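Computation of the quantities below employed the complete heavy-atom set of this structure, encompassing side-chain atoms and omitting hydrogens, waters and symmetry-equivalent molecules. Please read these numbers as outputs of a predicted model, since none were measured by experiment. When a ligand or atom number is given, it counts from 1 through the structure's own listing order.
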Amino acid sequence: MNYNKKVLITGGAGFIGSHVVRLFVNKYSNYQIFNLDALTYAGNLENLKDVENASNYSFIKGDITDEAFIEALFEEHNFDSVIHLAAESHVDRSIKDPLAFVKTNVIGTMVLLNAFKSHSGGNYDGKLFYHISTDEVYGTLGDTGLFTEHTPYDPNSPYSASKASSDHFVRAYGETYNLPYVITNCSNNYGQNQFPEKLIPLFINNIINNKALPVYGDGNYTRDWLYVKDHAIAIDLVFHKGKQGETYNIGGFNEWKNIDLVKLLCQQMDVKLGRSEGTSEQLITFVKDRPGHDLRYAIDASKIKTELGWEPSVTFEEGLKKTIDWYLDNGTWLDHVTSGQYQSYYQKQYN
Ligand code: NAD
Ligand code: DAU
């Protein structure tokens with residue numbers, strides 16, 4: 001088969017990456033999709049069982065920080081485009097081991113940028129480096145206001161500082177070497193296949209197992225939640241229609257205080273599990289706050305809406321129900337990812 005684009009997706013075995021890989025493999029049979037992933041604790045090929053035998057899909061196990069390996073990979077395949085999602089992504093882990101975040105998120109991005117640049121030989125026709133980033137680079141909001149594409153960067157955690165740094169390098173390569181890039185900064189994702197260290201899947205798993213729900217601080221922190229498949233749709237749109245050298249914010253228009261979200265989750269889980277109303281709420285436990293905890297994130301996604309016509313298609317209530325159903329139907333997936341390393345992480349984080 002003659003493909004008309006070779007697309008490298010990094011971090012495709014992770015949460016968001018697996019939804020992006022699936023969308024691209026199924027929608028673009030004329031693209032050859034390469035999924036490069038180191039399969040860290042967060043990477044799981046079970047996420048992609050349904051597309052693993054597709055003729056336009058290949059998985060490559062490898063580390064984006066391994067310069068010689070990445071150079072050789074670009075030499076072999078001469079990718080047209082990169083959609084870069086591989087990262088260390090959990091804020092709590094970044095507080096315990098910041099250097100791991102600098103290595104993957106900063107150095108790894110640099111290694112990819114260098115390989116993309118050197119193998120293009122200065123001819124960027126039809127090429128694109130698409131960097132997936134986060135709203136956390138903007139720091140925190142007070143009770144009002146929204147993050148726009150012009151909000152100054154002000155990261156507060158080692159995770160967000162590493163993502164901010166990688167964003168700056170992508171932009172700098174655009175300015176200095178004319179490298180064609182686009183960046184998107186997205187709010188909190190939730191949905192199927194999210195590793196149960198992040199708030200929603202962690203709490204679903206704990207409710208199933210009648211374990212305490214550790215709410216940090218007073219629970220009055222606000223996040224803007226987006227269903228992961230809507231993020232994947234936005235990525236597809238920006239990849240094909242986004243303006244080079246631009247940043248787009250992506251958000252859910254959907255702010256929730258943690259404590260309200262947790263209560264809604266408890267109510268929905270009680271219904272699904274046939275438990276009497278109020279059972280799961282009794283598991284809520286207020287614990288020591290996250291250091292440097294950002295008070296509020298909220299995205300102004302009007303640029304992507306106006307310029308590219310994107311907006312979320314799934315309501316929060318609907319998305320949360322689909323998410324809960326998926327975790328309840330995929331106990332084996334949960335068992336696989338919550339054994340071994342996960343147990344020792346949990347002990348260190350919460351005890
Ligand atoms: P995730 O932790 O679920 O997945 C990350 C993937 O990257 C895993 O498959 C992992 O194996 C892989 N990886 C890690 N280090 C690697 C390395 N050195 N080389 C190759 N692969 C490596 O993360 P996610 O939540 O899916 O996030 C994906 C991207 O989206 C990240 O860049 C993150 O910063 C960004 N993002 C996430 C959210 C969110 O709410 N989860 C929101 C906005 C932006
Ligand atoms: O905003 C986008 C970001 O969203 C992404 O860039 C990150 O990769 C992703 O992890 C997420 O970061 P958060 O720190 O917002 O997500 P997390 O699920 O870890 O926490 C959500 C909120 O819930 C936050 O205010 C902290 C709180 N929390 C989290 C955990 C894990 C708790 O109260 N208890 C917990 O045990």
Side-chain angles (χ1 to χ4, degrees), residues 9-21 35-45 47-48 60-66 69-70 83-95 100-101 103-105 107-109 111-112 131-138 140 147 157 159-160 162-163 166-167 184-191 193-203 206 212-226 228 231 235 250-252 256-259 261-262 284-290 293-299 337 346 349-350:
I9 300 180
T10 70
F15 168 48
I16 302 170
S18 60
H19 289 278
V20 175
V21 166
N35 170 14
L36 169 66
D37 199 298
L39 298 183
T40 67
Y41 78 93
N44 184 351
L45 289 178
N47 295 348
L48 289 165
I60 302 159
K61 184 172 186 305
D63 190 326
I64 57 167
T65 67
D66 183 341
F69 166 76
I70 294 294
I83 305 179
H84 175 37
L85 296 110
E88 288 293 339
S89 68
H90 191 37
V91 173
D92 293 325
R93 287 183 190 256
S94 82
I95 294 166
F101 283 67
K103 284 180 184 155
T104 291
N105 300 358
I107 313 274
T109 302
V111 168
L112 287 169
H131 181 59
I132 306 294
S133 193
T134 170
D135 61 356
E136 299 202 12
V137 298
Y138 299 123
T140 188
F147 294 135
S157 74
Y159 163 68
S160 52
S162 70
K163 291 297 291 187
S166 63
D167 293 9
T184 48
N185 296 84
C186 188
S187 65
N188 286 62
N189 285 216
Y190 70 98
N193 306 95
Q194 187 169 30
F195 193 81
E197 61 186 355
K198 310 280 165 63
L199 181 74
I200 290 180
L202 174 72
F203 280 29
N206 283 13
L213 305 177
V215 174
Y216 296 158
D218 59 7
N220 283 318
Y221 294 89
T222 300
R223 297 292 181 266
D224 174 357
W225 294 93
L226 176 68
V228 64
H231 188 187
I235 289 172
I250 305 173
W256 283 81
K257 279 199 162 87
N258 291 343
I259 190 63
L261 187 161
V262 170
I284 294 174
T285 315
F286 292 94
V287 301
K288 191 164 163 276
D289 213 345
R290 172 186 278 176
H293 199 166
D294 287 330
L295 177 67
R296 177 171 163 260
Y297 305 146
I299 282 276
V337 302
Y346 201 91
Q349 177 63 22
Y350 294 102

Can you name the residues that form a side-chain contact (heavy atoms from CB on, under 4.5 Å) with Lys61, not counting sequence neighbours?
Leu39, Phe59
Check whether NZ of the Lys or CZ of the Arg Arg290 lies under 6.0 Å from the centre of the six-membered ring of Tyr216 and within 45 degrees of that ring's axis.
no
Determine yes or no for a side-chain-to-main-chain donor-acceptor pair under 3.5 angstrom, with Ser187 supplying the side chain and Trp225 the backbone.
no
Polar side chain donor-acceptor pair, Asn188 to Asp135, under 3.5 angstrom
no
Residue shell for ligand 2, any heavy atom closer than 4.0 Å, reads Ser89, His90, Val91, Asp92, Thr134, Asp135, Glu136, Tyr159, Cys186, Ser187, Asn188, Glu197, Lys198, Leu199, Leu202, Phe203, Pro214, Val215, Tyr216, Tyr221, Arg223, Asn258, Arg290, His293, Tyr297, Tyr350
Aromatic ring centroids of Tyr41 and Phe195 under 6.0 Å?
yes
With sequence neighbours excluded, tell me which residues meet side-chain contact (heavy atoms from CB on, under 4.5 Å) with Thr222.
Glu255, Lys257, Arg296
Please tabulate, line by line, the atom pairs linking an N/O of ligand 1 to a protein N/O at a distance below 3.5 Å, with the distance in Å to 0.1, or answer 'none'.
{"residue": "ligand 1", "atom": "2 (O)", "partner": "Ser89", "partner atom": "OG", "Å": "2.7"}
{"residue": "ligand 1", "atom": "3 (O)", "partner": "Phe15", "partner atom": "N", "Å": "3.1"}
{"residue": "ligand 1", "atom": "9 (O)", "partner": "Gly14", "partner atom": "N", "Å": "2.9"}
{"residue": "ligand 1", "atom": "9 (O)", "partner": "Asp37", "partner atom": "OD1", "Å": "3.2"}
{"residue": "ligand 1", "atom": "9 (O)", "partner": "Asp37", "partner atom": "OD2", "Å": "2.5"}
{"residue": "ligand 1", "atom": "11 (O)", "partner": "Asp37", "partner atom": "OD1", "Å": "2.5"}
{"residue": "ligand 1", "atom": "11 (O)", "partner": "Thr40", "partner atom": "N", "Å": "3.0"}
{"residue": "ligand 1", "atom": "11 (O)", "partner": "Thr40", "partner atom": "OG1", "Å": "3.1"}
{"residue": "ligand 1", "atom": "18 (N)", "partner": "Asp63", "partner atom": "OD1", "Å": "2.9"}
{"residue": "ligand 1", "atom": "18 (N)", "partner": "Thr104", "partner atom": "OG1", "Å": "3.4"}
{"residue": "ligand 1", "atom": "19 (N)", "partner": "Ile64", "partner atom": "N", "Å": "3.0"}
{"residue": "ligand 1", "atom": "21 (N)", "partner": "Ala38", "partner atom": "N", "Å": "3.1"}
{"residue": "ligand 1", "atom": "23 (O)", "partner": "Ser89", "partner atom": "OG", "Å": "3.2"}
{"residue": "ligand 1", "atom": "26 (O)", "partner": "Phe15", "partner atom": "N", "Å": "3.4"}
{"residue": "ligand 1", "atom": "26 (O)", "partner": "Ile16", "partner atom": "N", "Å": "2.8"}
{"residue": "ligand 1", "atom": "32 (O)", "partner": "Leu85", "partner atom": "O", "Å": "3.0"}
{"residue": "ligand 1", "atom": "32 (O)", "partner": "Lys163", "partner atom": "NZ", "Å": "2.7"}
{"residue": "ligand 1", "atom": "34 (O)", "partner": "Tyr159", "partner atom": "OH", "Å": "2.6"}
{"residue": "ligand 1", "atom": "34 (O)", "partner": "Lys163", "partner atom": "NZ", "Å": "3.1"}
{"residue": "ligand 1", "atom": "40 (O)", "partner": "Asn189", "partner atom": "N", "Å": "2.9"}

Do the two ring centres, one from His293 and one from Tyr221, sit under 6.0 Å apart?
yes
So does Glu197 pair up with Arg93, basic N to acidic O under 4.0 Å?
yes
For the backbone of Leu85 and the side chain of Thr10, can you confirm whether one donor and one acceptor N or O come within less than 3.5 Å of each other?
yes
